[in-house]
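Just follow the structure's listing: the first ligand is 1, and inside any ligand the first atom is 1.
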Amino acid sequence: MARYRSSGASDRELGMDRAITRRDFVQGVAVGSAGLLAAAWLPGCGQREPALPLAAQDRPGYYPPRLTGLRGSHPGSFENAHALRDGHQMPKPVELDEQYDLIVVGAGISGLAAAHFYRAAQPNAKILLLDNHDDFGGHAKRNEFELGGRMALMNGGTFLIDSPRPYSAVADGVLKAIGIDVAALAPVIQKQDPDFYEFHESTGMGLFFDRETFGADHLAVGFRHRPWRDFLAATPLSPAARRDVERIESGKQDYMPGLTSTQKKQRLMKISYRDYLRDIVRVDPQVLALYQSQTHGLWGVGIDAVSALDCWGVGQSGFQGLKLEPGSIPGMGFTPAGYADTGGSLRLHFPDGNATIARGLVRRLIPTAVPGTTVEDLITARVDYARLDRPGEPVRLRLSSTAVRVRNDAAPAAARGASVTYIRDGHAFTVRGRDCVLAGYNMMIPYLVPELPETQRRALHELVKTPLVYTSVAVRNARAFEKLGIRRVHAPGGYHTSFTLNATVDIGSYRSPRSPDEPVLIWMQKTPCKPGLPEHEQNRIGRAELLETTFEDFERNIRDQLNRILGPGGFDAANDITAITVNRWPHGYAPEHNSLWEPELPEDQTPQVLGRARFGRIAIANSDSGGGAYTDVAIDQAHRAIGELLGSQPQS
Ligand SMILES: Cc1cc2nc3c(=O)[nH]c(=O)nc-3n(C[C@H](O)[C@H](O)[C@H](O)COP(=O)(O)OP(=O)(O)OC[C@H]3O[C@@H](n4cnc5c(N)ncnc54)[C@H](O)[C@@H]3O)c2cc1C
């Protein structure tokens with residue numbers, strides 16, 4: 001496993017022995033302990049209705065947003081799916097006396113939106129949603145803390161409303177239906193924290209040069225704000241590397257003379273940004289190390305695995321003198337093509353990210369579970385999890401339940417319904433519905449529905465998601481940030497390659513800290529990858545690394561890294577850290593087209609489109625089906641899937 005080289009501090013100096021909030025406890029019982037939440041399969045239990053303990057979500061005090069430690073795909077959430085993949089024998093299922101109009105597998109934004117569309121078309125429909133996690137929302141998860149007697153929120157995954165293209169009328173309509181008017185809210189919220197929205201203009205952006213990569217530890221402040229010569233003056237970069245950075249950032253040289261704009265674009269589409277900088281711009285090797293992780297946030301891999309043209313499409317530097325005409329060309333990736341063509345959607349960040357959208361959808365589907373009526377009161381509302389899965393309610397949401405088998409009740413053309421078998425607390429259960437939407441990870445579908453046609457199975461297997469980690473760290477104050485004059489840090493050689501102070505968002509009764517003396521949250525990002533390999537190989541290796549990394553390893557690296565960078569500002573991890581939540585997403589971003597390794601195919605031949613074909617009463621949603629890792633894609637795909645089942649497009 002790749003380990004961040006330590007500052008040399010002992011565990012004691014780092015504060016590994018300090019009592020902070022770092023363990024997953026619900027009512028004093030550790031989550032992940034066998035038998036309480038989703039556990040490994042138990043031997044076959046053929047009886048009807050076994051006597052089961054009360055499900056965790058129905059117990060008083062159950063409130064997963066407050067859990068810390070290893071979250072995201074937390075222990076207990078994925079073992080059953082892996083057992084299915086590995087061909088383990090399934091326990092004999094118990095047939096439950098429950099009949100639904102629609103069963104949705106996956107309660108992320110796509111699954112929740114699917115339920116919303118189905119109810120919009122059929123207001124009396126009975127719906128069951130199943131999710132393998134102990135909380136709903138999929139990637140759109142909420143991390144909730146109490147700091148200094150006040151609620152402090154962070155996104156555990158899906159960060160903000162932001163897409164390469166404006167939201168469709170359908171996706172925007174869903175947001176409006178749950179009370180989110182982006183056009184009205186965005187300017188108000190952005191005014192509170194322009195620095196957060198204007199990333200590149202930020203005065204408080206620091207760049208950390210680590211000694212293992214650059215020869216000496218150095219924090220340079222004012223990245224892309226101060227004149228390059230001043231900014232780079234004290235860095236450990238060689239004079240040649242400094243000149244090259246200035247050339248990339250401010251130069252106007254045409255590195256591909258004699259070619260038309262289209263010819264340049266076609267060439268740039270087939271070489272990585274790294275190769276462009278190395279072979280065409282001809283920069284010093286230190287510069288490559290400096291730029292290597294600039295693509296981590298959008299792609300989850302470094303500049304070696306993203307095409308130069310895609311980097312141009314999202315505004316990376318080094319292309320100014322090429323005078324490329326605006327707009328995408330066929331074959332560009334989903335994200336850069338969208339930004340190049342439209343400039344992107346409106347942007348809006350809620351304190352818990354797009355978990356607000358997931359919670360708004362749950363409120364619409366199961367109003368008794370989420371108090372309040374407005375988006376403002378939604379931010380601080382405490383979800384009553386015990387109300388999510390009540391007998392007799394038209395919509396039920398069952399957590400810690402992994403679907404392991406989905407089948408039509410007859411040959412696809414003749415099917416009148418579908419059954420879903422899921423594992424919960426080590427037992428298997430089967431439920432039946434007229435329709436079924438699979439809104440989970442699409443690469444798992446061939447295991448759930450093995451009778452799918454071979455072409456469709458192959459296409460689904462081709463989809464590889466991007467692993468990512470978002471870490472939330474609670475600290476006693478932000479004085480070190482203030483002293484160093486930074487708000488966020490990019491650390492190309494670091495364990496986490498960037499971190500930032502939480503955004504300032506006041507909404508409803510929710511208040512963000514304003515003084516550096518107040519406790520605050522830090523958001524950190526890590527993208528496990530293996531530079532030099534094709535993107536999907538890197539994704540697989542990164543995923544394996546994540547599954548092997550213990551919370552203790554994460555914690556040690558977090559403390560070490562923050563001490564090293566913020567220590568000169570007075571930060572002391574042993575005293576200053578009060579809680580850590582590592583949101584681990586081995587199956588993160590939906591796969592998007594990568595022109596370096598994938599052929600350019602007609603839309604109807606792409607793996608996401610071949611893979612999402614309806615199969616009898618089973619339709620397929622999730623952002624994976626849209627080939628774009630965005631919330632609007634997740635919603636649009638839910639809309640398409642429900643339209644396929646109902647035979648007509650439902651209203652938002
Ligand atoms: C770290 C991170 C940050 C992101 N940031 C943004 C952002 O800022 N803006 C943006 O627009 N998008 C962002 N995304 C993309 C995000 O994936 C989408 O926006 C959207 O949330 C995806 O929703 P979904 O419902 O399609 O999938 P998911 O959120 O993945 O939901 C699918 C759910 O189905 C569950 N599931 C899978 N298989 C089964 C099974 N067999 N049984 C039961 N349940 C199952 C999964 O565990 C999951 O809970 C981010 C993604 C990640 C990982």
Numbering as shown, the atoms of ligand 1 that approach Gly440 to under 4.0 Å (heavy-atom distance): 34 (O), 36 (N), 37 (C), 38 (N)
Heavy-atom nearest neighbour in the protein, as seen from atom 9 (N) of ligand 1, with distance rounded to 0.1 Å: Leu160 O, 2.8 Å
Between Asn583 and Asn143: side-chain donor-acceptor atoms closer than 3.5 Å: yes
Pair Thr430-Thr421, side-chain donor/acceptor within less than 3.5 Å: yes
Nearest-contact summary for atom 42 (N) of ligand 1 - protein heavy atom, Å: Ala403 N, 2.9 Å
Gly157 to ligand 1, any heavy atom closer than 4.0 Å: yes
Identity and separation of the nearest protein heavy atom to atom 25 (O) of ligand 1: Ser110 N, 2.8 Å
Where ligand 1 meets Ser623 - atom numbers and elements under 4.0 angstrom, heavy-atom basis: 22 (C), 26 (O)
Geometric class of the His587/His82 ring pair [parallel <30°, tilted 30-60°, perpendicular >60°]: perpendicular
Pairing of Glu644 and Arg640 as salt bridge, 4.0 angstrom limit: yes
Of the listed options Gln637, His139, Met443, closest to atom 29 (O) of ligand 1 (non-hydrogen atoms): His139
Identity and distance of the protein heavy atom lying nearest atom 23 (O) of ligand 1: Ala634 CB, 3.7 Å
Protein heavy atom at shortest distance from atom 3 (C) of ligand 1: Tyr470 OH, 3.4 Å
Heavy-atom nearest neighbour in the protein, as seen from atom 48 (C) of ligand 1, with distance rounded to 0.1 Å: Asp131 OD2, 3.5 Å
Heavy atom of Ser163, distance to ligand 1 below 4.0 Å: no
Output field: ring centroids His593/Phe334 closer than 6.0 Å: no
Pairing residues for Tyr510 by the ring pair (Phe, Tyr, Trp, His ring centres under 6.0 Å) criterion, not counting sequence neighbours: none
Proximity of Leu468 to ligand 1 by residue part, where a heavy atom lies under 4.0 Å: side chain
Test: Asp341 and Arg165 ion pair at under 4.0 Å: no
Aromatic contact, Trp299 with Tyr589 (centres under 6.0 Å): no
Selected option - heavy-atom contact closest to atom 32 (C) of ligand 1, from Ala439, Ala107, Gly106: Ala439
His133, any N or O under 3.5 Å of ligand 1 N or O: yes
Residue, atom name and distance, where the atom is the protein heavy atom closest to atom 15 (C) of ligand 1: Ala629 O, 3.2 Å
Within-cut-off N or O pair, Ala140 and ligand 1, under 3.5 Å: no
Backbone N/O of Asp389 and side chain of Arg398: donor-acceptor pair under 3.5 Å: no
Geometric class of the His74/His133 ring pair [parallel <30°, tilted 30-60°, perpendicular >60°]: perpendicular
From Tyr422, Tyr447, Phe159 - option closest to atom 5 (N) of ligand 1 by heavy atom: Phe159
Ligand-side contact atoms (ligand 1) for residue partner Met444, heavy atom cut-off under 4.0 Å: 38 (N), 41 (N)
Heavy-atom nearest neighbour in the protein, as seen from atom 40 (C) of ligand 1, with distance rounded to 0.1 Å: Val105 CG1, 3.6 Å
Centroid-centroid distance, His496 to Tyr470, less than 6.0 Å: no
Lys/Arg-Asp/Glu bridge criterion (N-O < 4.0 Å) met for Asp101, Arg119: no
Numbered atoms and elements of ligand 1 in range of Gly588, under 4.0 angstrom, heavy atoms: 53 (C)
Donor-acceptor contact present, side-chain Thr342 to main-chain Tyr339, <3.5 Å: no
Donor-acceptor pair, side chain of Thr606 and main chain of Glu603, under 3.5 angstrom: yes
Gln57 side-chain N/O to Leu399 backbone N/O, donor-acceptor pair under 3.5 Å: yes
Ligand 1 N/O within reach of Lys141 N/O, cut-off under 3.5 Å: no
Pairs touching residues 613-634 that satisfy salt bridge (charged side-chain N to carboxylate O under 4.0 Å, His left out), sequence neighbours left out: Asp435-Arg617, Lys465-Asp624
Atoms of ligand 1, numbered as shown, that sit under 4.0 Å from any heavy atom of Thr402: 42 (N)
Region of Trp585 that comes within reach of ligand 1 [heavy atoms, distance under 4.0 Å]: side chain
For Asp162, atoms of ligand 1 separated by under 4.0 Å from a heavy atom: 11 (O)
Option set Val420, Asn622, Asn132, criterion heavy-atom distance to atom 46 (C) of ligand 1, minimum: Asn132
Numbered atoms of ligand 1 (with element) below 4.0 Å of Gly108, judged on heavy atoms: 25 (O), 31 (O), 33 (C)
Contact partition for Asp624 relative to ligand 1, non-hydrogen atoms under 4.0 Å: neither
Ligand 1-proximal atoms of Ser401, by part, heavy-atom distance under 4.0 Å: backbone
